[in-house]
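Encoded as structure tokens, the structure appears first; notes follow it.
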Amino acid sequence: MKQELSEIIQKALKVCNAQWGLDTLPDIDIEIPKNESMGDMAATIAMGLTKILKRPPRKIAEEIVEGIKGGGGGPDVLDTIEIAGPGFINFRLKKEFLHAKLAQLLTEEHSSLRTDIGRGHKVQVEFVSANPTGPLHVGHGRGAAVGNALCNILKAAGYDVQKEFYINDAGLQVKLLGESVFARYLQLLGNDAPFPEDGYRGDYVESIAEEIIKRSGNEYQNRSFEECWDFFTNYAYKMMLADIAKDLKDFGVIFDRWQSEKELHEKGKVQSALTALQEKGLLYEKDGAKWFHSTEFGDDKDRVVVKKDGEYTYFASDIAYHKDKLDRGFDTVINIWGADHHGYIPRIRSVLEAFGLPKEKFKVILIQMVALLRHGEPVQMSKRSGEFVTLREVVDEVGADITKFIFLTRRADSQLEFDIEVAKEQSAENPVFYVQYAFARISSIFRQAEERGVSSQRSAVSEDVGARRCLALLTETEEITIIKKLLHYPMVFEGAALSCEPHRITYYLQELAGLFHSYYNKHRVISDNEALTNARLYLCKAVQIVLKEGLTMLGVSAPERM
RNA sequence: GCGCCCAUAGCUCAACUGGACAGAGCGCCGGACUACGAAUCCGUAGGUUGGGGGUUCGACUCCCUCUGGGCGCGCCA
């Protein structure tokens, strides 16, 4: 829809430019007007040209409109054109055009909803990347939902996407987990062992210790932690990691690749990354440590990469990891982090820039906190361990679809309230059901139609000339509104992909579902009028196609019955 | 002390990357099932977009400042 209009305007601009004499014409921006009374679609091009032409926007708009009319005015597409407000060019579309686009949607289905803006560009999306020292909490879940949806969107938009989880398996944290497990292990065997100061106190630590006893008995009982830390640490974090992978899988999030930090060290990638920086003259020594000159790229201060004692900093692994991303050929690097990590953006951007990635090819999506509620009361903490509520607990209680959808009902960097009790209610307060119900309701209509032997919607429109013609019977204002809304989807989708904002699709789906519910209550789909019934079944089918597409992007199912 | 994010209807949040009269849901009140699923629909009310200034044809959006919240500022990971 956008394309047809762009072409019409493009043509008119060329005509006008014979007088203007501009070397380049600005991009044409087609918008969906806020208010339906303003028109079906609008162009802001005249306002965009005021600065260049130094003339009032409405005058320019008039010239463009003349150009459009002179060029035939897109006779198949446009009904009326008018200039409004400061210089908007508002278009009304012919019903015939809308019906033709609807037929196209029904014929091509999902492929007509996707645009290939990615053109196969390689995008790497890293998300969740939780430390394997404990189970995932709800905050991680939100990151997982957003990352997963974003990847679905980017893939559908033609990008070559890789979903990756970075495992912090090299540092002191996993060792501390190992030590915690070791302490529990000794305690379970009846020893009076001290628990490490800042050790991990969750129940899962004990479970791991029990597992080790089951496997190896008391083999390590008389050893010091220093003697067997490697075994305990590895065993513990690998078990944790398996749990995390399981939690994510049950949440419907599958990663393409898991990158181990330890492996970067073992393969010498940390060393070689630093050497590469050295060769670029971006490393220097000061106070016995080695520093990366990140201020060169706009960071607040330079960062230590090798400590005085010769150990690498955590940041050194990050350098290696992000260099590795570029070495693997990614054009764009997207990191999804908890909002509390925002301070790390400049240094990572510096690294990527140092290795040649343009600034705008690195994007960080910050995920804000989830405030968990129950009956409106905050429940951030739970259990004696004082741990955050785990993702698994919430998913088990509420369900994966609902949880994902709610995580996607807000912009990522906006705080989110998640009330477990409300989420479980099958009520109007729950937006997931609202959208899914529209889908299920349509399925139910189809079942009903079949029972009554009404001609089926299943034959493809392209093979059914009569059906194609019957779409012209869709003339009720609610029907026209729905058709237009359906045709907006590709624009919403494209916007979601370009801005990396999955929530736009969530909102769109709620709006579309709303239009459908409203229509359903006002008009009957199945009636004695066979042709009209058929046309309306097609409209229903189209709504279903788009609902399904959008829900798929969000990673949420579209059930035929609820 | 420095830096980043947030502030929009009573509540929870949108606003298409600077566009038109700022929109939904919830909540309140009142209505709609002997016809395709009432997990739905219909109808009102609700605003100086935290305050002030600036940039321009045009600002919730960009700049400055103040207020009030959140988070970062380690040779920790």
Side-chain angles (χ1 to χ4, degrees), chain A residues 29-35 37-38 42 44 47-48 50-51 56-58 84-88 90 131 133 168 170-176 261 286-291 300-301 303-309 311 313-315 317 338-346 366 368-369 376 409-411 413-417 419 422 425-434 436-438 440-449 451-452 454 488 491-492 494-496 498-499 501 503-504 506-508 510-511 513-514 516-527 533 536-537 540 561-562:
Chain A
D29 183 30
I30 305 289
E31 298 188 342
I32 303 163
K34 278 186 180 167
N35 197 325
S37 66
M38 294 164 180
T44 56
M47 280 117 78
T50 45
K51 278 169 201 143
R58 287 190 70 109
F88 287 95
N90 290 339
N131 275 343
T133 52
N168 298 121
L172 290 176
Q173 293 308 312
V174 283
K175 193 169 175 182
L176 184 59
E261 178 190 2
K286 195 181 86 180
D287 305 330
K290 223 172 241 182
W291 299 68
D300 292 349
K301 50 181 102 169
R303 308 290 171 179
V304 171
V305 293
V306 181
K307 298 187 267 180
K308 207 188 284 179
D309 62 10
E311 293 281 312
T313 60
Y314 180 81
F315 180 50
S317 325
D340 53 337
H341 287 71
H342 70 262
Y344 296 78
I345 297 173
L366 295 175
Q368 268 293 351
M369 297 268 120
T409 53
R410 302 277 179 267
R411 239 176 39 219
D413 64 354
S414 160
Q415 285 200 356
L416 170 74
E417 285 195 355
D419 193 309
V422 173
E425 274 175 35
Q426 301 185 348
S427 74
E429 294 217 42
N430 199 325
V432 199
F433 292 121
Y434 189 77
Q436 287 184 326
Y437 182 50
R441 196 172 224 182
I442 294 171
S443 299
S444 171
I445 294 172
F446 290 152
R447 287 192 292 269
Q448 188 69 224
E451 254 175 54
R452 297 198 197 174
V454 185
H488 290 163
M491 297 174 73
V492 174
E494 193 176 308
L498 289 173
S499 62
E501 291 181 345
H503 77 276
R504 294 192 190 192
T506 316
Y507 274 88
Y508 171 87
Q510 294 182 72
E511 288 161 10
F516 178 76
H517 286 310
S518 182
Y519 172 62
Y520 176 90
N521 273 277
K522 188 163 177 186
H523 301 284
R524 289 195 56 77
V525 173
I526 300 169
S527 66
T533 299
R536 288 182 172 174
L537 285 172
C540 288
R561 292 173 203 271
M562 293 173 65

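Heavy-atom basis, side chains included; hydrogens, waters and symmetry copies ignored. All of these numbers come straight from a predicted model, not from anything done at the bench.
Across B:rC73, B:rC71, B:rA20, the shortest atom-to-atom separation from the side chain of A:K34 is found for B:rA20. Counting only heavy atoms from C-beta on, A:N131 has its side chain closest to B:rA77 among B:rA38, B:rC5, B:rA77.
Heavy atoms of A:R411 sit under 4.0 angstrom from primed sugar atoms or phosphate atoms, though from no base atom. A:E494 comes within contact range of no nucleotide atom at all, as no heavy-atom separation falls under 4.0 Å. Nucleic acid contact for A:L176: none, since no nucleic acid atom lies under 4.0 Å from a heavy atom of the residue.
Applying the 4.0 Å criterion to OP1 and OP2 of B:rC36, one finds that A:H517 has every side-chain N and O outside that range. The phosphate of B:rC42 (OP1 or OP2) has a side-chain N or O of A:S518 nearer than 4.0 angstrom. Residue A:Y508 has no polar side-chain atom (N or O) positioned under 4.0 Å from OP1 or OP2 of B:rG23. For B:rC5, the OP1/OP2 oxygens have no side-chain nitrogen or oxygen of A:S414 closer than 4.0 Å.
For A:Y507 and B:rA14, the ring-to-base geometry does not satisfy the stacking test (centroid distance below 5.5 Å, interplanar angle below 30°).
Distance check, rounded to the nearest 0.5 Å: CZ of A:R441 to CD of A:Q448 gives 13.0 Å.
Ring geometry for A:H523 versus A:Y519: interplanar angle of 30 to 60°, hence tilted.
For the pair A:E417 CD and B:rG70 P, the computed distance is 15 Å after rounding to whole Å.
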